[in-house]
Asks: 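Quick one: this structure, given as structure tokens, is what I'll be asking you about.
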Amino acid sequence: MAPKAPPNAAGRSPIANPDVDTDDLELTQLIAACAARNPQALRQLYDRTAPQLLACMVRILKRRALAEEALQDVFVSIWQRAGQFESRRGRPRAWLMSIARYRAIDVLRSERAELYREAEIEQLPQLVTEGGMDWTGAGRSAAALARCFELLTADQRRGIELAFVEGASHADIARVTKQPLGTVKSWIRRGLASLRQCLER
Amino acid sequence: MKHDDPKLIDALAAEYVLGTLNGRARRRFERWRSKEWHVERRVQAWEERLSGLALRLPPMRPSPHVWTQIEKRIARTAPRGAAPAASRPAPPVQKRAPWQAIAAGLVLFAVLLGGYALYRDSAEPPQMLALATLTTEGASQPSWTLAADTELRHVRAIVGGGFTREAGKSYELWAIPDNGSAPVSLGLMPVEGTEDRELTDSQRTALQGASKVAISVEPEGGSPTGAPTGPVIIVADRVKRA
């Protein structure tokens with residue numbers, strides 16, 4: 001059995017390998033400490049997860065400055081809602097990622113994004129949607145998702161990925177893929193249904 | 001909402017997590033989720049299923065000022081002796097508070113002070129009137145007050161007690177045009193004391209057409225792109241002139 005590292009053990013990067021069990025355990029402890037109003041715990045949680053959350057938010061918001069501003073809201077929200085995490089059994093990174101994604105999506109569709117319209121757009125590498133997706137950063141539990149994702153049609157994969165990773169709406173996806181809105185909606189609906197079926201097997 | 005069909009709930013939860021459930025439907029679903037445990041459970045299941053899609057992205061290190069701001073904000077939300085916020089249902093993530101109420105006395109003081117300084121320096125002192133009070137969210141004192149002459153040719157910025165400087169950063173003032181065009185830089189804000197400047201014609205036109213001004217945090221020397229790049233820390237109403 002691996003020794004239990006203290007929450008602030010900084011020897012290895014949890015980001016590079018988000019799936020080690022101790023990572024879940026330590027993040028859960030840090031969230032509990034936030035619920036008990038320990039600001040140092042929030043700082044540690046920030047050091048360990050903010051780079052990953054920011055990457056996801058920049059993908060959605062395209063502008064780093066806007067994403068960094070929204071990231072502040074995310075950590076204030078984590079601080080306020082830490083007590084609610086106990087009640088769920090899920091993995092802490094999925095919870096943190098959800099708070100970050102929902103905030104980014106809300107900001108993307110608000111007037112606030114307008115203020116940054118002229119700000120520099122972050123240059124990001126294209127996502128690989130066709131064929132070999134790179135899942136190495138996603139950890140062990142993503143193996144099942146990766147396998148099920150490969151069973152979808154290319155259109156379903158593209159639609160789901162554009163929505164989840166880039167924050168694209170149905171209309172955005174229709175524009176990018178030059179397909180009718182109804183077609184796009186059906187890709188996504190069917191893709192999600194297939195994913196669910198596959199992941200529950 | 002009366003939907004009891006598990007398939008429908010699950011489909012809505014999936015599109016909510018994905019981000020394709022939007023507008024009013026999204027807000028409605030959010031309320032439903034917070035009230036009904038069986039809905040919340042389906043949302044969580046989808047969050048777990050799909051999170052791997054975003055965990056693949058290469059991490060990006062946030063700028064140092066992000067944590068500074070978070071620290072300031074949580075210091076305000078953790079009142080001593082109050083019931084821990086965690087035991088209450090979490091409020092929705094708040095948008096920035098609208099511009100703080102004008103600290104009228106400070107503006108008046110600033111205008112008087114400014115007027116006096118200008119009177120000493122200039123043969124024909126233009127009359128300086130309050131233009132805006134720039135206060136960061138939650139601060140009790142403004143970071144700056146702005147005054148300008150009636151023609152909006154001269155602008156004076158006065159550093160207030162609410163200002164804390166971050167090393168290596170400049171603070172840039174922007175006019176936010178009402179017609180939706182891009183913010184126009186009105187220059188960098190002083191970090192101490194008082195500073196007067198004359199606006200160019202294009203800055204003046206932009207300011208006339210703007211009912212809001214904003215401050216962004218920029219690299220030293222100001223925005224490298226000519227548009228706000230740093231976080232916008234203050235958005236304030238411009239005082240309307242008759």
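Here is how names work: the chains are called A, B, and so on, in the same order as the sequence lines, proteins then strands, and each is numbered from 1.
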Asks: List for me each residue that meets ring pair (Phe, Tyr, Trp, His ring centres under 6.0 Å) alongside B:W174, sequence neighbours excluded, and say none if there are none.
Replies: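 For B:W174, no residue satisfies ring pair (Phe, Tyr, Trp, His ring centres under 6.0 Å) once neighbours in sequence are set aside.
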
Asks: For residues B:M60 and A:R64, determine if any side-chain heavy atom of one lies less than 4.5 Å from a side-chain heavy atom of the other.
Replies: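 Result yes, sub-4.5 Å side-chain heavy-atom pair found.
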
Asks: Tell me the residues of residues 189-199 of chain A whose non-hydrogen atoms fall below 4.5 Å from those of chain B, in number order.
Replies: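 Counting heavy atoms that sit under 4.5 Å from chain B, the residues of residues 189-199 of chain A involved are A:R189, A:L192, A:L195, A:R196, A:L199.
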
Asks: Quick one: do B:L53 and A:I160 satisfy side-chain contact (heavy atoms from CB on, under 4.5 Å)? Show the steps, please.
Replies: CA-CA 10 Å; B:L53 278 173; A:I160 289 175; 4.1 Å; yes

Asks: B:A11 versus chain A, heavy atoms under 4.5 Å apart: side chain, backbone, both or neither?
Replies: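 Answer is neither: B:A11 stays 4.5 Å or more from chain A.
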
Asks: Salt bridge (charged side-chain N to carboxylate O under 4.0 Å, His left out) for B:E48 and A:R93? Distances and angles first, verdict last.
Replies: CA-CA 9 Å; B:E48 298 281 332; A:R93 277 187 197 272; over 6 Å; no

Asks: Quick check on B:V217 against chain A: is it the side chain, the backbone, both or neither that has a heavy atom closer than 4.5 Å?
Replies: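 Contact with chain A involves no heavy atom of B:V217 at all.
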
Asks: If we only count heavy atoms from C-beta on, is the B:V232 to A:E69 side-chain gap below 4.5 Å?
Replies: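 Yes, side chains in contact.
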
Asks: Looking at residues at least two apart in the chain, or sitting in another chain, which of them share a side chain to side chain contact (heavy atoms under 4.5 Å, CB included) with A:A50?
Replies: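 By the side chain to side chain contact (heavy atoms under 4.5 Å, CB included) rule, A:A50 matches A:Y46, A:L71, A:F75, B:P62.
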
Asks: Can you find a heavy atom in the side chain of A:L42 that is under 4.5 Å from one in the side chain of B:W67?
Replies: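 Yes, at least one pair of side-chain atoms sits under 4.5 Å.
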
Asks: Does a side-chain heavy-atom distance below 4.5 Å link B:V17 with A:S98?
Replies: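 B:V17 does not reach A:S98 side chain to side chain.
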
Asks: Could you list the residues that satisfy side chain to side chain donor-acceptor pair (under 3.5 Å) with B:E30, not counting sequence neighbours?
Replies: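 B:E30 satisfies side chain to side chain donor-acceptor pair (under 3.5 Å) with B:Y16, B:R27 only.
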
Asks: Is there side-chain contact between B:T20 and A:K185, with at least one heavy-atom pair below 4.5 Å?
Replies: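 Side-chain contact under 4.5 Å: no.
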
